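Here the structure is laid out as structure tokens; the discussion comes afterwards.
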Protein chains: 2
Amino acid sequence: MTKKEKILEAGLKLFATEGYTATSTNKIANAAGVSEALIFRHFLSKEGLLSAIVKEGESAFKNLYTPILKESDPKEVIRLTIALPLTVPESHYEFWRLQFRLKWELQSVNHKKSQPLIDKLSWAFAELGVAHPKQEAEFLSDYLEGLASQILLGKEVNKKKTEEFLLLKYKLT
Amino acid sequence: MTKKEKILEAGLKLFATEGYTATSTNKIANAAGVSEALIFRHFLSKEGLLSAIVKEGESAFKNLYTPILKESDPKEVIRLTIALPLTVPESHYEFWRLQFRLKWELQSVNHKKSQPLIDKLSWAFAELGVAHPKQEAEFLSDYLEGLASQILLGKEVNKKKTEEFLLLKYKLT
DNA sequence: TAGATTTGTGAGTGATCACTTACATGATAA
DNA sequence: TTATCATGTAAGTGATCACTCACAAATCTA
């Protein structure tokens, strides 16, 4: 593992757990076991480091939901969407938590990021003859956002039971 | 309006829009039109100011959901809960946004704060003969959390249509 | 091997941070 | 009137902030 990678790792961990503003470059350097100056050699600025971290995680995240966009069975689309926050491996939690944190800490929000998924959900509900597919899609998306929020903030969630309940609710069993 | 109140007002606004860590006491003093030292005279520390602001808003918030806890008609309980995030006046948004921000920025989370409401919802669903009242209550609570999140982060939400959809979905019309 | 480039650091920089101190002002009360 | 006390501020404090600079060591290339 190179020192550059160690910086990225320490930055992700600290930004995700303590926040971007509250984390000093000095703290990151100590956690990574490198000199503070090396951060600026590699990433030019604190913000540059954040960008690199976010970029890294975003591609990993895309891999999680692009299969859903390609799915042609509407029931499977809903099933996979529901499973999304419940099957994210804990190893991804740090980046996931950073995403939610940044949404609130910085103004860097893109509502549109989840739009393709909402559109796909909307299509799936329409396929299944549901009355208000668009609103149903928004509804499910907002619920999953709330659920993810609870999980990341440390509320104990019985993922298995939750998934079973949702599959029943959406008649996917 | 006293200078103390001006500090509270400026603090709420800045903490809510820029975050606690990112807001300096100097910035608050300028926005309030007072000397920085006066903040410490009145509130002892930056954290003391935050506590005072949070305390102020919390009591206003309790008034919003205590009527629900006292309601005896189960349908009305659900109706009122759904209406909650959709009828909060925009004048309360600043404090509401601060609450969500703090949940992510500081570790000061209380999951238990919404527990009485979830319990009441659970009771209401049971009264109505719903199959899994507890899980339904958690589900609705998580959805409303997600919806509130979207609203506060600036996503355009058609509140009227959303409420109509929810009332239909939960058969409350 | 020699020169160029990349990777790395110790010791700074001025700016800004939360907070303090010494002192002034205005209102209240005996 | 005079003593008391809450309210207010200008001018600091050391600590920490993101970031720079001069220079060394390691690696790569011809």
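A note on names: the letters A, B, ... follow the listed sequences, proteins ahead of strands, and every chain is numbered from 1. This one's a predicted model, so the numbers in the text were calculated from it and none came from an experiment.
The separation between B:Lys46 atom NZ and C:dA18 atom P is 4 Å, rounded to whole Å. Between B:Ile39 atom CD1 and C:dT21 atom C1' the separation is 17 Å, expressed in whole Å. In this structure, CD of A:Glu5 is placed 11 Å from P of C:dG8, rounded to the nearest angstrom. Distance A:Phe43 CZ to C:dT7 C1': 13 Å, rounded to the nearest Å.
First and last contacts of DNA chain D with chain A, using any nucleotide atom under 4.0 Å from a protein heavy atom and ordered 5' to 3', fall at D:dC17 to D:dC21.
For the pair B:Lys75 and B:Tyr170, the cation-pi test (distance below 6.0 Å, angle within 45°) is failed.
Using a 4.0 Å cut-off between charged nitrogen and carboxylate oxygen, A:Lys155 and B:Glu138 count as a salt-bridge pair. A:Glu71 has no carboxylate O lying under 4.0 Å from a charged side-chain N of A:Arg79, or vice versa, which leaves the two without a salt bridge.
B:His42 NE2: more than 12 foreign heavy atoms inside a 6.0 Å radius. Annotation: B:Glu9, atom CD; neighbour count of heavy atoms from other residues, nucleotides and ligands within 6.0 Å does not exceed 12.
Taking 4.0 angstrom as the limit, A:His42 places none of its side-chain polar atoms (N or O) nearer than this to OP1 or OP2 of C:dT6.
A distance of 10.5 Å separates OG1 of A:Thr162 from CG of A:Leu167, quoted to the nearest 0.5 Å.
Residue B:Phe40 places its side chain closer to C:dT20 than to any other of C:dG8, C:dG10, C:dT20.
The backbone N or O of B:Leu69 lies less than 3.5 Å from a partner atom in the side chain of B:Lys120, making a donor-acceptor pair.
The six-membered or imidazole ring of A:Phe139 lies near that of B:Phe139, with a centre-to-centre distance under 6.0 Å.
At a threshold of 4.0 angstrom between heavy atoms, the contacts of A:Lys4 with the nucleic acid are absent.
Near DNA chain C, meaning a heavy atom under 4.0 Å away, the residues from residues 9-34 of chain A are A:Val34.
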